[in-house]
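Down below is the structure, laid out as structure tokens.
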Amino acid sequence: MPQLSLSASLVLYKPDLATLERTLLALQEAGRVARGAYMLRLELTLVDNSCDPALHARLGGWLEARRTAMPDWTVRLLLSPGNVGYGRGNNLVIERIKSDYHLVVNPDLFVAPDALREALRFLEENPETGLLTPAVFGEDGERHYLCKRHPTLLIMFLRSFAPKWLQSWFKPTLAEFEMLDCDYDRPIFDVEYPTGSCMFFRTSLLQRIKGFDPDYFLHYEDADIGRRALQVARVIYVPAVRVVHQWARDTHRSWASRLVTIRSGLLYWRKWGGVFSSTPDDVKFSGVEAPSYGTAADVPPAAAIAGTGRRVLVTGANGFIGKAVCADLPSRGYRVLGVVRHNVRMNLQDGSECLSMDEIDAHTDWTGVLEGVDSVVHLAARVHLMRETAADPLAEFRRTNVALTLNLARQAAAAGVRRFVFISSIKVNGEVTPVGQPFNAEDQPHPSDPYGISKYEAELGLLELAAETGMDVVIIRPVLVYGPGVKANFHSMINWLLKGVPLPLGALPNRRSFLALGNLVDLIATCVQHPAAGNQIFLASDGEDLSISGLLRRTAAALGKSARLIPVPVMVLRAGARLVGQEAVMQRLSDSLQVDITKTRRVLGWTPPVRVDDALRETAQHFRWDKG
């Protein structure tokens with residue numbers, strides 16, 4: 001049974017003792033349940049901010065009479081040097097604790113019996129998580145939506161001071177702030193503004209960021225500590241951890257409360273900025289290396305796996321990705337046979353052959369080609385088109401992406417091919433994700449366009465064939481791939497930046513996953529041989545998500561330029577796009593699409609080897625060279 005320690009701090013100011021007793025008894029029951037799963041040392045410190053010695057003495061006597069009701073906890077009462085505020089009160093405990101985890105809890109917050117156990121389980125299983133925020137409900141069972149995004153100056157005004165009619169007019173803006181676009185029954189990643197009523201910290205993280213900012217007396221100290229925690233760890237909402245909050249909003253009760261809110265809000269705004277929208281790339285999990293999953297004993301590292309002269313057939317070998325794969329695999333000991341359409345020339349590496357074939361379709365005879373082939377990397381496809389001209393696009397996509405793929409795979413299985421690596425698309429999962437809730441490999445697919453549908457149908461056919469024949473099938477769903485030679489929108493973006501075109505995209509708060517060409521090639525090579533890859537689906541990205549404005553800034557830096565970005569509010573951009581009939585373009589620019597590559601890391605022991613800035617620099621250099 002694992003041995004852990006959990007400390008907790010609870011700041012009081014003239015508390016209602018009946019409510020406080022409920023809070024303590026709930027902690028006792030949750031502690032008892034948690035100790036059934038862990039050898040757990042529990043310490044609770046109550047910080048009295050009441051500034052009243054007589055009240056403090058009465059509180060001490062009251063607490064002493066209830067120690068026997070909390071046998072699993074060591075309970076202490078600390079008198080603060082005055083009403084120092086919520087953050088400073090907690091800091092009196094944080095600066096001296098020696099524990100694995102620390103809980104900050106309000107005196108009117110009642111944890112569920114299994115809340116501590118579930119929080120510890122999640123934190124133990126996810127070492128990259130520094131702060132866990134729970135699912136909060138009212139006493140009537142109603143859910144409180146307390147995961148929030150960065151509070152801009154506009155949001156602060158709307159929530160605390162705007163009349164109801166104005167709040168109604170900005171209802172979509174407020175809903176986005178409260179993350180109502182997310183599914184609160186699923187984890188939410190990288191929460192910018194977690195609830196301060198109940199916060200489960202990894203103590204090392206909490207002490208590293210030096211606890212709460214003492215400049216806040218009350219309000220926005222939780223938003224501030226969430227921002228700072230995100231700079232060095234992950235902040236994750238976990239719905240399995242449930243609490244009940246006897247919550248009463250005090251912001252409007254008096255002018256004194258309003259003045260405290262105004263002061264804290266201005267302090268937060270001066271520190272973090274944002275009038276109409278945030279600068280999203282200032283809020284990211286960036287300071288900690290991604291956790292390593294598996295060891296050499298159970299997950300062989302990719303570098304230890306060599307091709308040992310095995311032959312790999314690569315279709316679409318003359319494409320953007322295919323060229324890079326054919327250049328890379330020989331360096332790993334593989335013999336590559338690249339299939340291209342007729343009349344296409346390729347410069348091949350040592351250990352590679354080029355096979356020019358006539359039109360490849362559902363009836364192509366691959367018998368001679370597959371002789372002696374160990375694995376197939378299938379890249380040939382009809383790709384997504386921005387301006388579709390076919391009368392029946394789905395039929396055209398199916399002809400290439402489904403029928404051609406399954407014809408090749410059947411013949412590969414019959415020829416004794418060991419593994420078939422299929423490059424699918426994230427469009428199988430869908431088109432859009434809420435910020436903080438990325439797609440993962442276990443999600444139910446929801447393709448919405450002909451390209452995505454055709455890729456999903458090919459996946460289903462391949463998995464069925466694998467079950468029938470015993471040939472391994474590996475499916476990779478990449479997000480947008482960029483690198484030297486990239487075309488389409490990414491190419492246009494680089495051109496705009498090089499010309500110094502002013503772009504009104506400086507305030508887009510979205511998040512998108514991208515994939516460097518070098519990272520995809522490395523993942524493909526890993527999947528060709530890794531023993532754990534067979535019959536698995538993997539999502540692929542760089543492991544770092546960017547906003548469009550962040551991508552523009554970092555690409556401009558790679559070009560040696562400054563991005564000329566104008567921070568136009570999203571609502572203004574959308575209204576302008578509607579006027580000129582470009583709503584679809586604006587939607588693509590402002591939507592988010594994130595993927596979670598945890599399974600890819602865990603099963604394969606794989607980490608993206610190419611950093612985003614290095615990949616952007618290489619892409620930019622190739623663009624300049626190509627332009628002469």
Side-chain angles (χ1 to χ4, degrees), residues 87 90-91 94-95 101-102 104 122-123 126-133 146-152 155 177 179 187-196 199-216 220-238 264-265 267-274 277-292 435-438 506-514 541-551 553-554 557 592 594 596-598 607-608 611-614 616:
N90 278 292
N91 285 349
I94 292 166
E95 63 192 19
Y101 302 104
H102 184 77
V104 173
F122 187 90
L123 289 165
N126 296 273
E128 76 279 13
T129 304
L131 170 56
L132 181 154
T133 186
L146 298 184
C147 292
K148 297 183 284 290
R149 297 189 171 107
H150 169 56
T152 62
I155 290 293
F177 166 71
M179 304 187 79
I188 302 174
F189 294 85
D190 299 335
V191 178
E192 295 175 6
Y193 185 170
T195 175
M199 311 176 91
F200 292 86
F201 287 95
R202 193 175 301 277
T203 302
S204 58
L205 169 280
L206 185 57
Q207 293 179 332
R208 177 179 175 182
I209 63 176
K210 302 186 186 306
F212 290 90
D213 185 332
D215 289 340
Y216 296 91
Y220 294 109
E221 70 285 331
D222 43 4
D224 177 84
I225 203 168
R227 290 285 289 251
R228 289 186 291 119
L230 263 181
Q231 293 178 332
V232 292
R234 303 207 81 156
V235 179
I236 302 182
Y237 161 82
V238 181
S264 295
L267 175 62
Y268 179 89
W269 178 68
R270 284 199 303 270
K271 187 173 182 178
W272 298 105
S277 62
S278 64
T279 306
D281 289 310
D282 290 341
V283 187
K284 62 183 180 180
F285 164 54
S286 59
V288 175
E289 288 294 325
S292 57
V435 172
Q437 284 195 318
L508 287 181
N510 64 342
R511 287 277 168 183
R512 298 194 74 91
S513 298
F514 298 94
S541 79
D542 290 331
E544 178 184 348
D545 298 340
L546 304 173
S547 66
I548 291 298
S549 55
L551 175 67
R553 290 187 183 96
R554 290 170 73 170
S592 294
Q594 297 174 278
D596 177 5
I597 61 170
T598 297
T607 297
R611 297 188 308 168
V612 171
D613 289 323
D614 291 339
L616 289 174

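Annotation: the span from Ser549 atom OG to Arg553 atom CZ amounts to 4.5 Å, rounded to 0.5 Å. How far CD1 of Ile188 is from CD of Gln437: 4.5 Å, rounded to the nearest 0.5 Å. The structure places CD of Glu221 at 10.5 Å from CG of Leu267, a figure rounded to the nearest 0.5 Å. Separation of atoms CD (Glu192) and SG (Cys147) is listed at 11.0 Å; rounding is to 0.5 Å. How far CG of Leu206 is from CD1 of Ile225: 5.5 Å, rounded to the nearest 0.5 Å. Separation of atoms CG (Leu546) and CG (Leu616) is listed at 7.5 Å; rounding is to 0.5 Å.
In this structure, Asn90 contributes its side chain and Gly211 its backbone to no donor-acceptor pair below 3.5 Å. Under the 3.5 Å distance criterion, the side-chain polar atoms of Ser541 are matched with a main-chain donor or acceptor of Gly543. Under a 3.5 Å cut-off, the side chain of Asp213 and the backbone N or O of Asp215 do form a donor-acceptor pair. Put simply, the side chain of Arg512 never gets that close to the backbone of Leu551: no donor and acceptor are under 3.5 Å apart.
In terms of heavy atoms, Ala233 sits closest to Leu205 at CB-CD2, 4.1 Å. Contact between Val235 and Gly226 at its shortest, heavy atoms only, is CG2-O, 4.1 Å.
Here the side chains of Val104 and Phe201 are in contact, with some heavy-atom distance below 4.5 Å. Looking at heavy atoms from C-beta onward, Val238 lies out of side-chain contact with Phe200 at the 4.5 angstrom threshold. Put simply, the side chain of Asn126 does not reach to within 4.5 Å of the side chain of Ile236, judged on heavy atoms. Within the 4.5 Å cutoff, side-chain heavy atoms of Pro151 are placed close to those of Phe177. Within the 4.5 Å cutoff, the side chain of Pro194 has heavy atoms near those of the Leu131 side chain.
For Gln594, the side chain to side chain donor-acceptor pair (under 3.5 Å) partners at least two apart in sequence or on another chain are Asp545. Partners of Arg202 according to the side chain to side chain donor-acceptor pair (under 3.5 Å) rule, which considers only residues two or more places apart in sequence or in another chain, are Tyr101. Residues passing the side-chain contact (heavy atoms from CB on, under 4.5 Å) test with Gln207 are Ile94, Ile97, Thr203, sequence neighbours excluded. In this structure, the side-chain contact (heavy atoms from CB on, under 4.5 Å) partners of Asp222, at least two apart in sequence or on a different chain, are Tyr193, Met199. Qualifying side chain to side chain donor-acceptor pair (under 3.5 Å) partners for Asp614, counting only residues two or more places apart in sequence or in other chains: Arg611, Arg617. Asp224 is linked by a side chain to side chain donor-acceptor pair (under 3.5 Å) to Tyr216, Arg228, Lys271, Trp272, counting only residues two or more places apart in sequence or in another chain.
The aromatic rings of Tyr268 and His150 are tilted relative to each other, their planes meeting at an angle between 30° and 60°.
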